[in-house]
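Structure, as structure tokens:
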Amino acid sequence: MALAGLPSKMLSVELAVMVLVLLAMAQQSMQLSLRSPLPEVVKKINGNTVSYLGIVVSSSGSEDALLNSGFFVPSTHVPYIDLVGRRFNIGKIKGVHVVVVNVGGEIPNVVLGTQVLFDLLTIRGIIHFGSAGSVSDSLSLGDVAVPASVAFTGNWEWKSNTSKRGKLKFGDFNLPQKGANSLGSADFQKVKLYTAGNPSQNLLWLPVDSDWLTVASELQGLKLQECVDETNETNCLENTPAIVFGGRGSTADTYLKNAAYGEFLANRLNVTFVDTASAAVALVREKGKKEKLAVDFRIRHNLVTNGSCFDLHLQASLTNEVPYILFRAISNSVIRGTSSSNSRYLATANSVKVAVKFIELIGTSNSVFKY
């Protein structure tokens, strides 16, 4: 009888070993030590019903200002996740679940970091804030621009010097007078947008969510910071900063300091400010109709036990169609060539203040979310 029971005991031991291996693998996935994120695991950590506002910034200055403002309260359970070289800070602002990430200032990094945010957690909206350069007299240092649309103006079709076409004619900027120029001219190219169930579209202007703009309009009278030291009223701006609604933003992978080109953008495209990230963030979330992106994450471990192969399979269905709004505070004037440490500091402080107040306005209500 003892000999007859031996195979059964051995099978039990083998099954126990298999269970321990699977548990160890699950523990590894909870620590996100694998190369691919595991959205379902992350959602279980934070609760299956939790959705987040994604706070996307493109500089360490903006990230530090928000995280150290006292408004951001880190999660006591999972305060952050490190993934693909970025830290995704998880917590609350004004009682609202948020995840804050610095995606970097270059367009490829902005796109990658924002998309990872969608792949990692359930995101119900994107708030993007930071500094920008003014190319219009409608925006002064310290002002916060809330545009209706943004465009990627770094995509050019560069024409020959014999072409009569092209919006940007380099010869128009010759000194002391206009004339022929071997650089020729350039036209701005639209960006191809792919949406589920529809033909791709070629767009230049990417609109900000209209519902969120309506909510943001309630910020009109918000008092912005005018002095670095408000108590003693020192290191102040020459103007009283304000929130300026409407207008257009221009994004390109070029830090613009050239006044002539800034004036061209303002005169020909009605641009009011320039930056290096806004349109890239908008493109990642701008999916038209709701689009489901099935992402399949698989952990495979072969256990040769009685000739069987065990496969642990995790799958998540993600969507990118969410509201998006943009707050860009003016740190420098491209046209006037003005900038200072005071204006840069106050631009960061004011963009944080506006973003936090907007989060408080929308609260935990889903009434303004399009699902």
Minimal non-hydrogen separation, [X] against [Y], with atom names:
| X | Y | result |
| --- | --- | --- |
| V352 | A65 | CG2-CB, 3.9 Å |
| I126 | W212 | O-CZ3, 3.4 Å |
| S58 | N102 | C-OD1, 3.3 Å |
| N155 | K190 | ND2-O, 3.5 Å |
| R86 | L112 | NH1-CD2, 3.9 Å |
| L206 | L283 | CD1-CG, 3.6 Å |

Are the side chain of [X] and the backbone N or O of [Y] linked by a donor-acceptor pair below 3.5 Å?
| X | Y | value |
| --- | --- | --- |
| S278 | T251 | no |
| D143 | L139 | no |
| K159 | K169 | no |
| S351 | T348 | yes |

message: Between N181 and N174, is the side-chain hydrogen bond (donor to acceptor under 3.5 Å, both in side chains) condition met? List the steps.
response: CA-CA 8 Å; N181 191 300; N174 285 352; 2.8 Å; yes

statement: The single option from V103, N89, V56 that satisfies side chain to side chain contact (heavy atoms under 4.5 Å, CB included) with E63 is N89

message: Which residue in the set S333, S331, S140, S134 passes side chain to side chain contact (heavy atoms under 4.5 Å, CB included) when paired with T338?
response: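 Going through the options one by one, the only one that passes is S333.
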
Could you give the distance from [atom1] ([X]) to [atom2] ([Y]), rounded to the nearest 0.5 Å?
| X | Y | atom1 | atom2 | result |
| --- | --- | --- | --- | --- |
| I243 | Q220 | CD1 | CD | 7.0 Å |
| E157 | Q189 | CD | CD | 4.5 Å |
| F88 | I81 | CZ | CD1 | 8.5 Å |
| N332 | L141 | CG | CG | 7.5 Å |
| L66 | F129 | CG | CZ | 4.5 Å |
| N235 | L346 | CG | CG | 8.5 Å |

query: Are the ring centres of F327 and F358 closer than 6.0 Å?
result: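 Yes, the ring of F327 comes within the 6.0 Å limit of the ring of F358, centre to centre.
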
- prompt: Passes side-chain hydrogen bond (donor to acceptor under 3.5 Å, both in side chains), S217 versus T214? Steps please.
  reply: CA-CA 5 Å; S217 66; T214 300; 5.8 Å; no

- prompt: What residues, two or more places apart in sequence or in another chain, satisfy side chain to side chain donor-acceptor pair (under 3.5 Å) together with E360?
  reply: K357

message: Can you see whether R344 engages S339 through a side-chain donor-acceptor pair at a distance of less than 3.5 angstrom?
response: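 Indeed, the side chains of R344 and S339 share at least one donor-acceptor pair under 3.5 Å.
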
message: T234 vs V228, test: side chain to side chain contact (heavy atoms under 4.5 Å, CB included). Steps then yes/no.
response: CA-CA 7 Å; T234 57; V228 174; over 6 Å; no

- prompt: Where do S131 and R328 land on the side-chain hydrogen bond (donor to acceptor under 3.5 Å, both in side chains) test, with the steps shown first?
  reply: CA-CA 5 Å; S131 300; R328 280 284 182 175; 5.9 Å; no

task: Might you work through the side chain to side chain contact (heavy atoms under 4.5 Å, CB included) test for Y52 and V99, ending with a clear yes or no?
output: CA-CA 6 Å; Y52 297 82; V99 53; 4.1 Å; yes

- prompt: Does the pair F72 and V100 meet the rule for a side chain to side chain contact (heavy atoms under 4.5 Å, CB included), with working shown?
  reply: CA-CA 9 Å; F72 177 80; V100 181; 4.0 Å; yes

message: If hydrophobic residues (ILVMFWY) are linked whenever their side-chain heavy atoms come closer than 4.5 Å, directly or via other members, who joins W156 in its cluster?
response: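 Cluster partners of W156: V135, W158, L168, F170, F173, L183, F188, L204, W205, L256, Y261, F264, L265, L269, V271, V274, V334, I335.
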
